[in-house]
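Naming convention: chains lettered A, B, ... in sequence-line order (proteins, then strands); numbering from 1 in each chain.
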Protein chains: 2
Amino acid sequence: MKRIADSTVRRLSAYLRFLEDFEARGLSTISSDELARQGGTTSAQVRKDLSFFGSFGKRGLGYSVPELSTRLREILGLGREWRVIILGAGKIGAALAHYEGFRQRGFQILAAYDSNPEKVGRKLEGIPVRGIAHLERDVAKEKPDIAVITVPADAAQQTLDLVVRAGIKAALNFAPTQLHAPADVTVKTVNMAMELEGLSFALVNR
Amino acid sequence: MKRIADSTVRRLSAYLRFLEDFEARGLSTISSDELARQGGTTSAQVRKDLSFFGSFGKRGLGYSVPELSTRLREILGLGREWRVIILGAGKIGAALAHYEGFRQRGFQILAAYDSNPEKVGRKLEGIPVRGIAHLERDVAKEKPDIAVITVPADAAQQTLDLVVRAGIKAALNFAPTQLHAPADVTVKTVNMAMELEGLSFALVNR
DNA sequence: TTTAGCTTGTGAAGAAATTCACAAGATCGT
DNA sequence: ACGATCTTGTGAATTTCTTCACAAGCTAAA
Ligand SMILES: NC(=O)c1ccc[n+]([C@@H]2O[C@H](COP(=O)([O-])OP(=O)(O)OC[C@H]3O[C@@H](n4cnc5c(N)ncnc54)[C@H](O)[C@@H]3O)[C@@H](O)[C@H]2O)c1
Ligand SMILES: NC(=O)c1ccc[n+]([C@@H]2O[C@H](COP(=O)([O-])OP(=O)(O)OC[C@H]3O[C@@H](n4cnc5c(N)ncnc54)[C@H](O)[C@@H]3O)[C@@H](O)[C@H]2O)c1
């Protein structure tokens, strides 16, 4: 399969969100132009993005909202439940454990892990907090798909190494550090400080 | 000034982080190659990124670590304190209010605002929670630079409109929605669900 | 059935970002 | 002082991403 750019996948994700809004409002078709307006892009971009995966529209009409959402969910791999573990039962880990947006999309949080014995054994919003020493055994048994890394920055790489060794192939990192992983492991970093610095740059350069 | 790409600014932010590590370890010079290795990019990319702003290196030697960090901080606008307010004193707002990473970088959180009267008047980790009705008056007085939006998705656009009307020119949005703002207002969105969907896509496409 | 009016799907063109490649400047050891 | 060895800074080449532009397909109305 042709390589799909990251930016394309992000836009597909955005389109799906609008489609769900449209579905909720009972609209049955949508044009690439309308989708583009919502997503802050162009209609040609929308059509090009979709064209990598097939032809879903009807000329003269647009796209069927339920059909296109279904196809986008398939493309994005959202047709199934993904099993997630959280590494680091701290403040941001707690906020994420709470977060309904994840569960709604089919991301099921199995457990949190922490190295602090005081946190182990407690619950984080109904999610058990386990000792990090159990990780490898638990992963072999429960086969989580995705690790969310919310440990302090200086422990992030070693934590990633740990989950990679345990066999997990995808991680979402919240520590403000560039992480290094083998090629068959996908790591995405959410770096809030970087975003704020982008705003700072924008403010001083106008 | 030539328009600087978003991706360039993000990389500068990453370089600065490594430089601070290097500084802490007492190293005095660094090459574009080393910087590239840390940041997962190429040395040519590093040099090109820096070249938009001047020539900071010494041929044959590399870059002076303290000098380059200083310059990067200047470029990114981190030479000053930025005043930040949080809109939505919920779970993610609380985690951010706590977050030391912001303060360390010169982002000072003045206050949080919420529409829920039960939250107003309390403290969120030492930060006062104020009624949203006071926003416009407070902004006129305290002149915050950046609004962090952590309200539910369906209130995000109206909240952005509110802070824009009050005169704020930059916002960091955590709600999973595409926001629309006038051209002179910079909005960055941190969309965690989108990142997770990117992982999902990567997992099914291998 | 024909025509008018939309909107898709997609090559081709254009723009933007990245990588190449090398001259030029700096250091170091002899 | 000279040659060997680095590493920067930057045009040019290349690759990647976006936008253009239009033929082709679908609908609805006459
Ligand atoms: N709080 C925020 O809003 C926020 C925002 C952006 C990024 N972050 C980043 O997220 C990370 C966590 O931040 P936080 O505010 O939640 O910090 P925190 O101190 O509240 O939580 C960190 C948790 O990780 C645990 N931990 C430490 N080392 C560990 C290890 N080796 N293995 C397992 N668990 C370990 C600690 O016991 C603690 O419970 C940091 O890297 C931070 O920079 C936080
Ligand atoms: N919790 C997470 O980890 C997480 C992660 C990613 C994104 N988000 C997003 O962040 C936002 C907040 O999530 P949360 O989990 O903190 O929810 P929350 O319900 O804990 O907090 C939302 C807060 O906003 C306040 N609020 C509601 N409408 C408001 C308005 N019009 N003006 C001012 N305040 C208002 C509420 O009173 C509440 O205190 C949501 O959009 C969510 O999708 C949350």
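Using a 4.0 Å cut-off between charged nitrogen and carboxylate oxygen, Arg37(B) and Glu34(B) count as a salt-bridge pair.
Summary of the strand contacts: Lys58(B) and Lys48(A) both lie near DNA chain D, and taking for each the nucleotide with the nearest heavy atom, the more 5' one is attributed to Lys58(B). Between Ser51(A) and Ala44(B), the residue anchored nearer the 5' end of DNA chain C, judged by the nucleotide with its closest heavy atom, is Ser51(A). Comparing Gln45(B) and Leu50(A) against DNA chain C, the residue whose closest nucleotide sits nearer the 5' end is Leu50(A).
Using a 4.0 Å heavy-atom distance criterion, Ser32(B) is classed as a sugar-phosphate-only contact. Contact annotation for Thr8(B): no contact, since no heavy-atom pair falls under 4.0 Å across all strands.
Between Arg59(B) and dA24(C) there is no side-chain polar atom (N or O) within less than 4.0 angstrom of OP1 or OP2. The shortest distance between the side-chain N/O atoms of Arg11(B) and the OP1/OP2 oxygens of dT18(C) is below 4.0 Å.
Note: CG (Leu61(A)) to P (dA4(C)) measures 20 Å, nearest angstrom. For the pair Ile30(A) CD1 and dC6(C) C1', the computed distance is 16 Å after rounding to whole Å. Between the CZ atom of Phe52(A) and the P atom of dG11(C) there is a distance of 12 Å, rounded to whole Å. Atom-to-atom, CZ of Arg47(A) to P of dC6(C) comes out at 16 Å; the value is rounded to the nearest Å.
Taking 4.0 Å as the cutoff to heavy atoms of chain B, we find the contact window on DNA chain D bounded by dC6(D) to dA12(D).
Leu203(A) has its side chain within reach of Lys169(B): a pair of non-hydrogen atoms, C-beta onward, lies under 4.5 Å apart. Put simply, the side chain of Arg165(A) does not reach to within 4.5 Å of the side chain of Val139(A), judged on heavy atoms.
Judged by distance alone, the side chains of Gln45(B) and Asp49(B) do bring a donor and an acceptor atom under 3.5 Å apart.
Contact detail for Val9(A) and Gly198(B): the closest heavy-atom pair is CG1-CA, 4.1 Å.
Ring centers of Tyr99(A) and Phe102(A): under 6.0 Å apart, within the cut-off.
No more than 12 heavy-atom neighbours from other residues, nucleotides or ligands sit within 6.0 angstrom of NZ on Lys58(B).
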